[in-house]
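Encoded as structure tokens, the structure appears first; notes follow it.
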Amino acid sequence: MLYYREYLNSEEKPWVTFIHGAGGNSNTFFKQIKDFRKHFNVLLIDLRGHGKSKKSRWQKGDSFVQISDDVIEVLDYLNIKETHFVGISLGTIVVQTMAQKHPERISSMILGGAVIKLDIRTNFLITVGNLGKHFIPYMWLYRLFAWIIMPRSTHTESRNAFVDQAKKMCQKEFIKWFSVTRAINPFLSKLQRDFFNIPTLFVMGKEDYLFLPPVKELVGQNDKLALECIEDSGHVCNIDQPEKFNAASIQFIYQQYQLKEVL
């Protein structure tokens, strides 16, 4: 089973589960734990091949479906019937995949730095990565991608955090994760067709030039989705501007309880 950490507040409080992106680990959310545990029970999980979940679980043909099933296994083990999810970057794909297969387990989705569509630039990056993943040291590729996705000086801390966390991976695990991205665009398109009436908030940095435009377009087409754009923030907005990220996320979760009381 995946490695996890839990912070219990009380049995009456709801659960919030954090899902990091590729190359990261649960330490990605070190600036969220203190604020969130004041209000909720908190669960942090290291996805397969990341952090302390280093034991390989990969089988031929595994995809985001199997990765999301890993998370459900942890919830079952802890007897968590329902939880709010906070995902960042590629972790948002894991959360949305769970929403398709297990919508009853998700109270709400907060998708930070969400990846919902890859444009020609990101597709080119993935193609280069897949061509070079077997002979180019993965940290060279990861540093390049981190710099392209988070290029500004205001992104330095988040860029360095992701690079430092990626050092804990091995080349084999990096290759497996990169392989999952090969045919990702059709899969992403499928995920955006139905949110199963799950309350969903996108939290994006205004400087997230690769991934913000398609999110704005999607939210503009679906009035059931909410979007919070954070100033002076890039792709990893929970590290760039943690106070604003935390405030928007916690407020959104509390709004769901107010709506339930009205209903």
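Small disclaimer: the values here were computed from a predicted structure and weren't measured. Sequential numbering from 1 along the given sequence is applied to the chain's residues.
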Could you tell me which non-hydrogen atom of G113 sits nearest to which non-hydrogen atom of D208, and how far apart they are? CA-OD2, 4.0 Å
When you measure from the side chain of Q165 to the backbone N and O of N25, does any donor-acceptor pair fall under 3.5 Å? yes
F202/I116 under side-chain contact (heavy atoms from CB on, under 4.5 Å): CA gap, chis, key distance, verdict: CA-CA 11 Å; F202 289 92; I116 68 167; 4.0 Å; yes
Just say parallel, tilted or perpendicular for the rings of H39 and Y254, cut-offs at 30° and 60°. perpendicular
Would H155 and V236 satisfy side-chain contact (heavy atoms from CB on, under 4.5 Å), going step by step from the backbone distance to the final call? CA-CA 8 Å; H155 311 159; V236 190; over 6 Å; no
Test your reading of the model: is there a side-chain donor-acceptor pair from D35 to the backbone of N246, 3.5 Å cut-off? no
What's the spacing between N222 CG and R193 CZ if we round to 0.5 Å? 14.5 Å
Are a donor atom and an acceptor atom from the side chains of Q66 and S63 found within less than 3.5 Å of each other? yes
Linking I/L/V/M/F/W/Y whenever any side-chain heavy atoms sit under 4.5 Å apart, do V65 and L188 land together? no
Would you indicate whether F30, at its atom CZ, is surrounded by more than 12 heavy atoms from other residues, nucleotides or ligands within a distance under 6.0 Å? yes
Flag if over 12 foreign heavy atoms under 6.0 Å of CD, Q221: yes
Answer yes or no: is there a side-chain heavy-atom contact under 4.5 Å between M98 and D69? no
Is any side-chain heavy atom of D240 closer than 4.5 Å to one of D232? no
Can you tell whether the side chains of R5 and D46 come within less than 4.0 Å, N to carboxylate O? no
Say you draw a straight line from CG of L218 to CG of L225; how long is it, rounded to the nearest 0.5 Å? 5.5 Å
Examine the side chains of E207 and S233 and answer whether a donor and an acceptor come within less than 3.5 Å of each other. no
Is there a side-chain contact between Y7 and L43 in this structure, where contact means two heavy atoms from C-beta onward sitting under 4.5 Å apart? no
Distance-only, no hydrogens or angles: does the N9 side chain make a donor-acceptor pair with backbone N or O of K38 under 3.5 Å? yes
Hey, is the main chain of A161 close enough, under 3.5 Å, to the side chain of D164 for a donor-acceptor pair? no
Tell me if the centroids of the rings in F36 and F18 come within less than 6.0 Å of each other. yes
Step-by-step salt bridge (Lys or Arg N to Asp or Glu O under 4.0 Å) determination, E82 to R105: CA-CA 4 Å; E82 188 175 348; R105 307 297 293 271; over 6 Å; no
In short, V71 meets L2 closest at the heavy-atom pair N-CD1, 4.2 Å
Donor-acceptor pair, distance only, cut-off 3.5 Å: does the side chain of S53 make one with the backbone of G49? no
Looking only at non-hydrogen atoms, find the nearest pair between F252 and M109 and report the distance. CE2-O, 4.1 Å
Do E157 and K31 sit within salt-bridge range, that is, some charged N less than 4.0 Å from a carboxylate O? yes
Write down the atom of L210, the atom of I149, and the distance for their closest heavy-atom approach. CD1-CG1, 3.9 Å
What's the spacing between Y4 OH and I45 CD1 if we round to 0.5 Å? 9.5 Å
Rounded to the nearest 0.5 Å, how far does CD1 of I106 lie from CD of Q96? 9.0 Å
Separation between CD1 of I19 and CD1 of I67, rounded to the nearest 0.5 Å: 11.0 Å
Do L111 and F196 share a hydrophobic cluster (ILVMFWY, side-chain heavy atoms under 4.5 Å, transitive)? yes
With salt bridge (Lys or Arg N to Asp or Glu O under 4.0 Å) as the criterion, how do K206 and E228 come out once you've worked through the C-alpha distance, each side chain's angles and the decisive distance to 0.1 Å? CA-CA 9 Å; K206 283 195 173 181; E228 179 79 21; over 6 Å; no
Are any side-chain N or O atoms of T28 and backbone N or O atoms of H20, one a donor and one an acceptor, separated by less than 3.5 Å? no
4.5 Å side-chain heavy-atom contact, L75 and T17: yes
For T154, does its backbone N or O pair with a side-chain atom of T156 as donor and acceptor, under 3.5 Å? no
Is K190 close to Q192 at the side-chain level, that is, under 4.5 Å between some pair of heavy atoms? no
Student check: side-chain heavy atoms of F40 and H84 closer than 4.5 Å: no
Side-chain contact test, heavy atoms from C-beta onward, threshold under 4.5 Å: evaluate it for K224 versus N197 and give yes or no. yes
Of all heavy-atom pairs between A114 and M204, which one has the smallest distance, and what is that distance? N-SD, 3.2 Å
Is there a side-chain contact (heavy atoms from CB on, under 4.5 Å) between F245 and Q32? Walk through the geometry before answering. CA-CA 9 Å; F245 181 92; Q32 279 64 63; 3.9 Å; yes
Can you see which heavy atom on P103 is nearest to which on K101, and at what distance? CD-C, 3.5 Å
Answer yes or no: are there more than 12 heavy-atom neighbours, outside K244 itself, under 6.0 Å from its atom NZ? yes
Those residues at least two apart in sequence (or on a different chain) that pass side-chain contact (heavy atoms from CB on, under 4.5 Å) with S89 are V115, H235
Main chain of I88, side chain of T92: is a donor-acceptor contact present, judged purely on distance under 3.5 Å? no
What distance separates L78 CG from W15 CH2, expressed to the nearest 0.5 Å? 6.0 Å
Assigning hydrophobic clusters by single linkage (Ile, Leu, Val, Met, Phe, Trp, Tyr; side-chain heavy-atom cutoff under 4.5 Å), is Y3 placed with L44? no
Less than 4.5 Å apart, any side-chain heavy atom of K216 and any of L227? yes
Using modelled atom types and a 3.5 Å cut-off, is there a donor and acceptor pairing between side-chain atoms of H50 and backbone atoms of R48? yes
